[in-house]
Student: 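Below is the structure I would like to discuss, written out as structure tokens.
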Amino acid sequence: LQQLWVPLGFLGWQYRELKQSLIDMQNLFDVLARPARVRDVPSAARLAVSGGEVVFENVSFSYGATEPLVPTAEAEAATAAGNGAAKSGNGDVTSRGAMDKDARTAPVVHKVSFRVPAGKTLAIVGSSGSGKSTTLRLLYRLYDLTGGRILIDGQDISKVTQASLREAIGIVSQDTVLFNESLYYNIAYGRPGASPAEVEAAARAAQVHDTIMAMPDGYDTLVGERGAKLSGGERQRVAIARCILKRAAILTLDEASAALDTATEQKVTAALTALGTDRTCLIVAHRLSTVVDADEILVMRNGEVVERGTHADLLVRVPTSEYKLMWARQLAEKTKGAPSTPAEGDE
Ligand code: ATP
């Protein structure tokens, strides 16, 4: 009888893993099946991407004006699948749902304008709650604007199909959706039909191939529910590999604010460099190394852009810039050996 324990235990484990995979798949199908609350206009055209120029013209938005309270991870699932629908419903939503009406109708993004030429990088920094992540979400049209326009290569994103819009944008967010599947599956999800060699090349570029090969099951390793069996740095690099495979012309990155150890930070930086090459990048940045190389930096406060320029501009040209204070604070934290973020420092 004792000899049966091992195979029975294994069967039980297999059953639990299979059940979790089915739940994850069901969640995804729920996302895809739910009717989109942002709708395509009649006879919407497909977005024709030439280089990936992004323009925000006097963009304003408040959450109260539009109902879908969509957490990033869920929206991203829809985006990764190139689907117009966005799902809703988790603890985050419940707490937002409890907000009073005034708080929800206050503008979260107010008259924001900028232009990111094709292939260039824009970094957005600012205190927590200043509207940085929301600005990124507006680019993939999770919500309709209350004012202004967003253009990609000259086309108003509210006039093109959501499917074509989301095909053009790769997202790496703080809470990227990983399925309780193998590492291979999670990377290959970026482009259905990618060959094993392409999946491996993406993993190499994202600096995660060697980490994967060091695991006993290699690419067959199951990542656990929402990637729980991976470290934060590994999850980010799997998300980056997926995005590299997607080959989208535009990339949005909501950089994790959690501190990474130096070796992991270097790997993530190298992975991001590989990802950013030849793409238009919009980054909510928390790390100095990401911001200094940006072609333009926006500093947001209470939904508005209060400063803009390159790193050198903001440090030198504007002696009293909020940006300067942020980085002085972050550098001081770093020197003390306790990495922090500009956002946290500003609280
Ligand atoms: P952080 O650096 O902490 O991530 P942020 O600058 O990215 O902050 P946002 O996440 O864009 O800020 O949030 C801006 C404001 O909008 C905050 O007051 C926030 O509470 C509110 N908000 C964010 N997401 C939602 C949502 N889904 N529904 C309602 N309000 C939201």
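Note that the structure is predicted; figures quoted are calculated from it, not measured. In listed order, ligands and their atoms are each counted from 1. Atom set for the values below is all heavy atoms of this structure, side chains included, hydrogens, waters and symmetry mates excluded.
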Student: Any idea which atoms of ligand 1 are less than 4.0 Å away from a heavy-atom of Ser127?
Tutor: 6 (O)
Student: Is it the side chain (CB and beyond), the backbone, both or neither of Val108 that lies under 4.0 Å from ligand 1, heavy atoms counted?
Tutor: side chain
Student: Would you say Thr161 and Asp40 are linked by a side-chain donor-acceptor pair, where the criterion is simply a distance under 3.5 Å?
Tutor: no
Student: Quick check, are the ring centers of His311 and Tyr323 under 6.0 angstrom apart?
Tutor: yes
Student: Of Ser128, Ser133, Gly129, which has the heavy atom at the shortest distance from atom 17 (C) of ligand 1?
Tutor: Gly129
Student: Does Thr134 have any side-chain hydrogen bond (donor to acceptor under 3.5 Å, both in side chains) partners at least two apart in sequence or in another chain, and if so, which?
Tutor: Tyr63
Student: Indicate yes or no: does an N/O atom of Lys132 lie under 3.5 Å from an N/O atom of ligand 1?
Tutor: yes
Student: What are the atoms of ligand 1, with element, lying closer than 4.0 Å to any heavy atom of Gly131?
Tutor: 5 (P), 6 (O), 11 (O), 12 (O), 14 (C)
Student: Say whether Gly126 and ligand 1 are in contact under the criterion: heavy-atom distance to a ligand atom below 4.0 Å.
Tutor: no
Student: Take every heavy atom of Arg137, measure it against each atom of ligand 1, and state whether any distance is under 4.0 Å.
Tutor: yes
Student: Select the closest option to atom 13 (O) of ligand 1 among Thr134, Val125, Val284, judged by heavy-atom distance.
Tutor: Thr134
Student: Just by modelled atom types, is the Val109 backbone N or O under 3.5 Å from a matching donor or acceptor in the Glu304 side chain?
Tutor: no
Student: Taking all non-hydrogen atoms of both residues, which atom of Lys132 and which atom of Gly126 are closest, and how far apart?
Tutor: NZ-O, 3.0 Å
Student: In terms of heavy-atom contacts, does NZ of Lys111 have more than 12 from other residues, nucleotides or ligands at under 6.0 Å?
Tutor: no
Student: So which bit of Arg301 gets within less than 4.0 Å of ligand 1, heavy atoms only: side chain, backbone, both or neither?
Tutor: neither
Student: Sequence neighbours excluded, which residues qualify as side-chain hydrogen bond (donor to acceptor under 3.5 Å, both in side chains) partners of His209?
Tutor: Arg204, Tyr219
